[in-house]
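Below you'll find the structure, written out as structure tokens, and then a few comments.
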Amino acid sequence: MAQYVLAGTAGCPKYARAEILADDLSINLPDFKVHKIVLSEGEWAAWLKKTCSDYGWKHSSSPLVWRELVDRGGAGTYLGGWDDFKKMAEHWYSYSDRLDEGKVKDISSENKSGYERDKAASVKTPVTPVTVSVIGAAQPIAYQLLPLLFASCFKDTNLAVVLQDVADHDQVLEGIKMELDDCSYGELHSVSVTHSVKGAASTADFLLILDPLDNNSHPDRFQLLKAASLLYKDIAQSIKGALKPDAKIVINGYKACLGGMLLKHHGVTSDNISVVVTLDEQRMRAKLAKRLSVMPSDISGVTVWGNVPVHHTASTATGTVRNHEGAITGPKSYDKSIAEAVNEEGWEFENVQSRDDRDKIVFDMSGRGPNMASALAIYTHIESLVQGNERTTMGCISNGEYNTTPGSVFGFPVSVTDGVVSIREVGAVPDKLQEIILLQDSQLSAEKKVALGECDDVEKALQQVEESLWTILENPKLKRQLEEKEAERKAKEEAERKAAEIRAKEEAKRKAEEEALKKAEEEAAAAAAAAAAAEEEEEVDYDAD
């Protein structure tokens with residue numbers, strides 16, 4: 001069996017004619033086989049030269065046609081160009097060319113466009129993944145979070161994950177990396193492990209900082225603030241100058257708002273800093289859903305204000321609820337204010353636990369922290385940054401909104417558009433909530449001063465602010481905690497005073513004993529010297545006699 005090989009440039013009109021002739025013959029003649037070689041004009045000259053050299057032919061233009069014996073092999077038989085191919089078809093198959101020049105030009109132009117598209121499609125475009133770098137990735141919360149990133153807000157996006165932690169946690173990081181590889185997520189581009197914060201930050205589109213500090217790691221509040229200062233100073237020195245201009249810094253942790261302020265203080269110029277406050281919002285919605293007999297998804301507009309998670313900052317003052325059966329009921333699209341639905345002033349302060357209390361209960365019951373809920377909160381935060389959200393809540397840098405200090409990192413109601421976080425105006429804020437906002441703003445400023453060593457007396461710096469804050473909250477439990485804390489502080493001071501008095505008395509007694517012993521030793525030495533002198537005198541008298 002023989003086949004004809006047809007080679008030429010994609011935009012050549014003669015090649016287009018030869019191609020149409022070959023297609024017609026192959027359709028009408030079962031044993032007529034054709035193989036096509038299409039090249040660009042830039043590739044044609046070199047290819048033609050090599051082919052003619054290999055077969056010993058002389059040919060100079062497109063197309064080139066030859067005949068091969070498929071079943072026998074051997075060298076091909078040179079036929080020639082378009083004219084030669086057409087003459088062969090007319091002689092053996094009575095074929096006549098009936099295409100006009102205009103039609104041929106259209107076909108050749110289409111051939112060229114199709115070739116260029118196929119060529120472009122065949123070139124593998126380098127994949128540029130979205131990189132999520134996790135600082136402190138050995139923490140249990142990271143293990144819960146990472147699977148949530150796939151088949152979700154990053155769907156159909158290649159995702160590179162960078163796991164960072166200290167060298168002591170190397171095996172934990174490698175284990176997480178192995179499990180992510182084993183999951184074979186379709187979006188997973190790569191997983192890498194590093195101990196360098198700077199290295200993790202340099203490629204990051206999202207830099208997630210998992211702050212490990214809390215009241216358990218540092219029960220003493222002064223030491224907690226100092227530890228936060230050292231942690232965020234180290235991070236800031238590593239990432240400043242290394243971040244991409246549009247990289248987003250996301251902080252989760254007990255001192256996250258303070259951490260954002262410390263990053264800015266230590267030279268991080270990025271304004272794309274946001275703090276995860278969604279855990280408090282989730283818990284408030286869950287409590288409200290039970291109270292109002294609705295789904296948590298029916299509740300929206302719960303805002304987390306201020307210094308998360310130190311106080312009861314999730315507020316229902318600007319929230320709404322749908323599908324609530326009450327005195328006033330509307331269609332599913334009807335939004336009712338939460339204050340109207342609950343109809344109990346200060347309900348959240350009496351019924352919603354602080355994050356510390358809730359976390360402790362979860363730990364006592366399960367033996368581990370609330371990592372599942374916290375991981376979902378972080379994911380929801382990142383999802384808003386990726387996909388946008390008209391109505392959510394985040395900690396972000398203040399420009400003086402709601403009378404807060406410009407530059408502080410504070411929980412606000414926000415909207416997110418194309419990754420840009422904007423603080424929303426929610427209308428009139430109740431006086432009680434406004435006062436809480438201002439006091440928390442003062443508290444954050446005081447914490448920052450203590451952390452930076454500008455005020456060493458943490459109790460003096462924070463006590464007055466917190467007394468006012470607890471008084472406004474009007475929560476008996478919180479007041480009792482404050483009183484217990486104050487009593488504990490006074491008892492500590494009294495114990496230290498008494499201990500100092502005892503130490504002073506013991507020191508005085510020790511000195512008195514030392515002086516008495518020294519005096520006794522001096523008297524004994526004097527007596528011994530006198531006795532020795534007397535004995536020597538007696539010996540002299542004896543010798544004289």
Side-chain angles (χ1 to χ4, degrees), residues 257 274-355 358 373 376-377 379-381 383-384 388-396 398 401-404 410-417 421-441 469 472-475:
C257 286
S274 59
V275 169
V276 178
V277 301
T278 324
L279 178 59
D280 300 270
E281 186 261 355
Q282 288 175 184
R283 286 174 169 171
M284 176 64 84
R285 283 194 296 112
K287 277 283 187 180
L288 283 168
K290 290 182 179 179
R291 168 63 186 260
L292 301 175
S293 300
V294 297
M295 296 294 291
S297 58
D298 291 327
I299 298 169
S300 61
V302 172
T303 298
V304 179
W305 299 89
N307 187 16
V308 180
V310 179
H311 301 296
H312 293 263
T313 53
S315 170
T316 62
T318 59
T320 58
V321 58
R322 293 184 179 184
N323 299 323
H324 175 248
E325 296 290 338
I328 300 176
T329 303
K332 289 187 177 182
S333 59
Y334 173 66
D335 285 337
K336 182 189 299 184
S337 73
I338 292 176
E340 178 186 352
V342 174
N343 195 26
E344 183 179 334
E345 186 178 358
W347 172 86
E348 61 260 37
F349 300 119
E350 297 291 339
N351 294 277
V352 181
Q353 297 159 318
S354 69
R355 188 184 290 194
R358 184 71 172 181
L376 179 60
Y379 166 72
T380 303
H381 182 103
E383 182 183 38
S384 294
N389 195 324
E390 294 181 355
R391 196 180 184 194
T392 185
T393 182
M394 291 183 182
C396 57
S398 167
E401 292 85 353
Y402 299 97
N403 297 318
T404 55
F410 208 78
F412 288 112
V414 303
S415 61
V416 186
T417 305
V421 179
S422 302
I423 297 173
R424 289 188 297 114
E425 293 293 335
V426 293
V429 175
D431 292 341
K432 180 177 179 179
L433 177 58
Q434 183 62 54
E435 195 165 356
I436 292 173
I437 291 171
L438 295 179
L439 284 167
Q440 289 203 77
D441 183 58
L469 186 61
I472 291 173
L473 291 174
E474 296 178 351
N475 186 310

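Heavy-atom basis, side chains included; hydrogens, waters and symmetry copies ignored. What you see is a predicted model; the values in this text were computed from it and never measured.
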Nearest 0.5 Å, what's the CG-CG distance between N403 and L438? 6.0 Å
Suppose we screen for side-chain contact (heavy atoms from CB on, under 4.5 Å). Which residues come up paired with A377, at least two apart in sequence or across chains? V276, T278, L279, Q282
Between A289 and P296, what is the shortest heavy-atom contact and its length? CB-N, 3.7 Å
How many angstroms lie between atom CE of M394 and atom CD of E281, to the nearest 0.5 angstrom? 11.0 Å
Can you give me every donor-acceptor pair (side chain of residues 319-326, partner residue at least two apart or in another chain, under 3.5 Å) with its distance?
from: T320; atom 1: OG1; to: S300; atom 2: OG; distance (Å): 3.2
from: T320; atom 1: OG1; to: R391; atom 2: NH1; distance (Å): 3.4
from: R322; atom 1: NE; to: D335; atom 2: OD1; distance (Å): 2.6
from: N323; atom 1: ND2; to: D298; atom 2: OD1; distance (Å): 3.0
from: H324; atom 1: ND1; to: K336; atom 2: NZ; distance (Å): 3.0

Go through the structure and list residues passing side chain to side chain donor-acceptor pair (under 3.5 Å) with S384, not counting sequence neighbours. N389
Can you tell me how far CG of L292 sits from CD1 of I338, rounded to the nearest 0.5 angstrom? 7.5 Å
Can you measure from CZ (R291) to CG (L288) and round to the nearest 0.5 angstrom? 9.0 Å
May I have the step-by-step check of side chain to side chain contact (heavy atoms under 4.5 Å, CB included) for I436 and Q440, ending in yes or no? CA-CA 6 Å; I436 292 173; Q440 289 203 77; 3.6 Å; yes
Counterpart residues, side-chain contact (heavy atoms from CB on, under 4.5 Å), relative to S398 (two or more places apart): E401, T404, S408, F412
Going from CH2 on W305 to OH on Y402, what distance comes out if it is rounded to the nearest 0.5 angstrom? 4.5 Å
Determine yes or no for a side-chain-to-main-chain donor-acceptor pair under 3.5 angstrom, with T393 supplying the side chain and V304 the backbone. yes
With sequence neighbours excluded, tell me which residues meet salt bridge (charged side-chain N to carboxylate O under 4.0 Å, His left out) with R424. none
For S274, check side chain to side chain donor-acceptor pair (under 3.5 Å) against everything at least two apart and list the hits. H381
Taking only residues two or more places apart in sequence or in another chain, which ones pass side-chain contact (heavy atoms from CB on, under 4.5 Å) with S422? S415, V420
How close do G395 and V277 get, counting heavy atoms only, and between which atoms? N-CG1, 3.8 Å
